[in-house]
Each structure stands twice: as C-alpha cells, then as structure tokens.
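Along the sequence shown, residues carry numbers from 1. Quick caveat, the model's predicted, so the values are computed rather than measured.
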Amino acid sequence: MTAPATAPATAASSGTGLTPVFVRLKLSLLRNGLRQSSGRRAAYVASAVVALLFAALQLLGLILLRGNEHAATVSVILVAVLALGWAVMPLFFPSGDETLDPTRLVMLPLRPRPLVRALLVASLVGIGPLFTLCLALGAVIAVADGGAAVAVGVVAVPLTLLVCVALARAVAAANIRLLTSRKGRDLAVLSGLVIAVGAQVVNFGAQRLGSSDAGLGELDPAADVLGWIPPSSALSAVHAAGEARYATAVAQLALSGAALALLLHLWQRSLTRLMTTPDGSTLAAAEPSREGRGGGLFARLPAGRTGPVMERTLRYVWRDPKTKAAWVTSLAIGLIVPLFNALQGTGSVYFACFAAGMLGIQMYNQFGQDTSAFWMVAMTISSARDAYEELRARALALLVITLPYATLVTVLTTALLGEWQALPEALGLSFALLGAMLTTGAWSSARFPYSIPQQGYKNVAPGQAGLAWISILGGMIAAAVLCAPVLALTIWLHVADHGSLSWVLLPVGALYGAAVTAAGLRLAAPRVARRLPEILAAVSKG
C-alpha cells in the first residue's frame, strides 16, 4: 500500500531531512513518555542518575587503570561484555524502547537505506548510548599510549558505540515479529535463567581469579581472542598502535568497520522484509495452503501416529514459552554442573550423569504440558495400544535431544578430566539412568498428572503442589532404584579389579536403558487408557 506522495514525504524518503526528523521524534517520545505520570518520570530520572553515576565511576576506574599491565585485558573484556548486553537486551526487554519497533513505519513512503541511517542516528539519543560512550572513552584512555594510539582511539570510540547500537537494532529488527507478540513477551521468563547462568559463570571466574597466583593474568588468553572480535577489536587496535604494531591495529580496526557495515546491511534487509511481507493478520490469505507435516527434519519422522506426536512434542519444546524455559534450564544446568566441577579440579566423570538426570525430568507430567488442549489428544486414545503409541512417541521425541546431549556432556567432562578409560562406563550409566527416568516419567505422568498455568511464573496450579512433589521426587527415587543393577555391576568391576572390562558397561547400560523404557511404557499405557477422564480433569485445572 502506498501513501500519498507529498513534498515533505519525498524529501524525507530521499534522506535529505529524514535524520533530523527522527532525532526530534525520539526526543518527543522521551518527553511525552515522561509526561504520562509522575511515577514514570521519577523512575526514569532515578534510573538515569544511577546509570550515569555508574558510568562516571567506570570511567574514573578505567582512567586510574591506565599504566597497569592488565589494563588492555580488562578493557577488551569489558567492551565485549558491553556488546553482549546490547545484543541480548532487546530480546528480554522489547518494550523498553518504542522506537525499536520498525513495523510502526511500514505505511510510510520510506526507503530502507535512508531509514537505517536516520534510525541509527536517533538511536544515539538516550542513556544507554551515553553509558556506552563513557565506557568506550574510558577504555581507550586506559590503553592509549602515544600519538598513534590516540589517533586510533579517536576512531575506535565512535566505532565501538556504532557497532553496539547497530547490533541491538539488527537483533531487534530480525526478531520484531516475535518480540511484539504475546508468546514473544512470555519468553522474557528466560531472562531469569540467563541471569542465573551468567551469575554462575561470573562466580566461577571470580573463584578462578581469586585462587590463582596470576590474578588478572588468567584473563589474558580470553582477551587475546576477544581482541579479534568486534567491537573489542577496535579497542585492541588502540593497544596495538601504542605498541607500534601498526599492521595489527589496522586489521583489528578494519574488522570492527566491516562488522558495522555487515550489521547495517543485515538491519536494512530486515527492514526491507518487514516493509514488503505480510504480517500474521494477512499471512493466511497471502500464502498458499500447505498440507502434511513440516519440512526438514520433521519430514524424516516415522509414519503413522508416531511421527505427528513426535513433531507436536518437539514443537512444544521450541514454541511454548514455559516448556522452552524448562528445557533450557535443564540443558544449562546439566552442562554447568559437570563441566564447572571438572574445571575446578573437584569433579568426577560420573557427574556427567547429571545431564541425563536433568533431561529425564522432562518426561514427567507429559500430559500436564498439554494443559487444557489434552482433550484433543484424549479423543484419539481409545485403547491401551493407542496410549502406548502416544507415550512411546513422546519418549522418542525426548530421546532425539537427550541422547546426543548426554553423550556430548559425558565426552566433554571426560576430556576435561583426562579420564578416557572411564568414558564407556560413564556413558553406560548415563544411558541406563535416562531409560529409568523415561520409565518412571511415563508412569508418574499417568498416576500423578497436574496442571501448568499458562499465565504468570508458577509451574503448578494452586492445590496441586503435593502432586508435583510426589511425581518428581518419587519418580527420581524409583529411577535410582531401577539403575541399581547397572550401578552394582560398575562397583563390582572396580572392587574385583576388573577395570579392563569396564567397556562392557556401555552396551549393558544402553540395552538396559532401552529395556526398562520399553517395559515402563507398556506398564504405564493401560493406566493412561483407564484414567483418561481423571488425567484430563487434573491437567485442565486452573
């Protein structure tokens, strides 16, 4: 749809007066937002004061760091963390800046290239860019040594700022359809997980630095790598110029310039796509009808009932915010616990079983994950055979993710510890534990189903907390009991000094896990078929 062509619009679309218009628009949005209420005005002023005070302290600290042998290391890593923050903030706080939504401009006669230029300049207005400018300026002052370094720093400061802003804009534009939707806003639940995982990483890093005699020198290898990744490469170029490594400085500065050009190009492509493709309200009429299952990996799923059920389960993992949050939490913790303990030198190869245990929990409360939509599934189950096929397909969908992931975590943990001879038995125990978790998860899903509220942060409906505890804790205890034969065989091989035969545990654990899974699914299926009304009532509560 084309708007009437007017003289101001033509001038704006050509780019001659578009940038000042957008800068005034950004200032008007900020001013009008503050006029809405005194509470919002007070919150904005307070946040601005805190941010600027922190920026001033950071600037002062970086200036005082000048001359320290680790100044370049700290500055490069600080800029990298700052860029990471710019990249992820639009994903978790999409409503923090109304100008991040370019779909508001799709009805205007604007060309993408002038629009990108105008939005980039307008994006420099705000507390975030000022905070970034202070940190970039302080980082350059901390590492600049000599006239050549100062000259490079004059280019590096605005280049770092522009890369950060363009990165945030490119990420927001590429994901704006998701971020402005209801489900996209629900994904902000994951922000708590990211913060928690990040806190663990920072805590681990602080412990490493505190226990090491090298201190900040431990970060030198990381800084050497980050120094070639934009926008940290721009700051690293300042340090290289100060050491008369001019070729390196030019290459690192060019990397940041190329990154800025690439981000602007990707941003422009996203804007073009947003302005020329239909949104969800017209997509059904614009696209031809599609039949059958999705393409790609979904097309390779088995025929019959198994394939559609597996696809449904995997799509829940990817699309449903709470299901995705549960999976990401399990994946993150299942990796962090064994690897961080191995890096600290206090771990064991058997800690890798933690990954299989965390992912096996996803088999619990299978029907509760469907919420009230479970009635559609219940209508397709008329016998124990139907229930068995439903449970088997759900277990297979989980195995698509859990088997390779548990294997990867076990291999990484073994590699960090250097105990390759223990890899077969660790894998065997992981596979046996995973099979036991799938077995008890299927049974507890039939015996103790509970509802998961769609709104808010609660994962259990009021009045069903006891069911959830019984389902998960009871199932985990039962899974540990089921793993006893494989665990006993492992202990006997070590006690009897038959360590050379530990490789047997890999096929034994894999076969045992498959056997108990098949048996558990067959035992749970008749109970599911008999208790369909009770399960439907339980998962639909709240």
* Fit a plane to each ring of Phe131 and Phe54, take the angle between them on a 0 to 90° scale, and name the class: parallel (under 30°), tilted (30 to 60°) or perpendicular (over 60°). => parallel
Identify the two heavy atoms, one from [X] and one from [Y], that lie closest to each other, and give their separation to 0.1 Å.
| X | Y | answer |
| --- | --- | --- |
| Pro231 | Ala83 | CD-CB, 3.5 Å |
| Pro404 | Leu399 | CD-O, 3.6 Å |
| Gly334 | Ala355 | O-CB, 3.6 Å |
| Ala223 | Thr73 | CB-CG2, 3.7 Å |

Kindly compute the distance separating [atom1] ([X]) from [atom2] ([Y]), expressed to the nearest 0.5 Å.
| X | Y | atom1 | atom2 | answer |
| --- | --- | --- | --- | --- |
| Leu427 | Leu434 | CG | CG | 11.5 Å |
| Ser256 | Trp228 | OG | CH2 | 10.5 Å |
| Thr160 | Leu137 | OG1 | CG | 11.0 Å |
| Met310 | Thr313 | CE | OG1 | 8.0 Å |
| Leu78 | Leu135 | CG | CG | 5.0 Å |
| Leu235 | Ser75 | CG | OG | 5.5 Å |

* Take Leu124 and Leu162 through the side-chain contact (heavy atoms from CB on, under 4.5 Å) test and state the conclusion after the steps. => CA-CA 8 Å; Leu124 299 178; Leu162 290 175; 4.2 Å; yes
* Heavy-atom count around Trp503 CH2 within 6.0 Å, excluding the residue itself: above 12? -> no
Answer with yes or no whether the side chains of [Y] and [X] bring together a donor and an acceptor at under 3.5 Å.
| X | Y | value |
| --- | --- | --- |
| Gln362 | Ser330 | yes |
| Glu419 | Thr414 | no |
| Trp86 | Thr132 | yes |

* **Worked check of side-chain contact (heavy atoms from CB on, under 4.5 Å) between Phe431 and Leu403** => CA-CA 8 Å; Phe431 294 157; Leu403 270 180; 3.7 Å; yes
* To do: Would you please test Arg169 and Leu120 for side-chain contact (heavy atoms from CB on, under 4.5 Å) and show each step?
  => CA-CA 8 Å; Arg169 288 289 185 168; Leu120 181 63; 5.7 Å; no
* To do: Carefully, step by step, assess Arg113 and Gln268 under the rule side-chain contact (heavy atoms from CB on, under 4.5 Å).
  => CA-CA 6 Å; Arg113 182 170 296 179; Gln268 180 178 329; 4.0 Å; yes
* Asked: Given Val163, which of Leu260, Leu262, Leu264, Val79 fulfils the side chain to side chain contact (heavy atoms under 4.5 Å, CB included) condition?
  -> Leu260
* Asked: Glu425 and side chain to side chain contact (heavy atoms under 4.5 Å, CB included): which partner among Val349, Leu506, Leu505?
  -> Leu505
* Asked: Quick one: does Val409's side chain get under 4.5 Å of Phe351's, heavy atoms only?
  -> no
* Are the side chains of Val140 and Val152 in touch, meaning some heavy atoms are under 4.5 Å apart? -> no
* Go through the steps to decide whether Thr19 and Arg117 satisfy the test side chain to side chain donor-acceptor pair (under 3.5 Å), and finish with yes or no. => CA-CA 7 Å; Thr19 300; Arg117 184 166 57 249; 4.7 Å; no
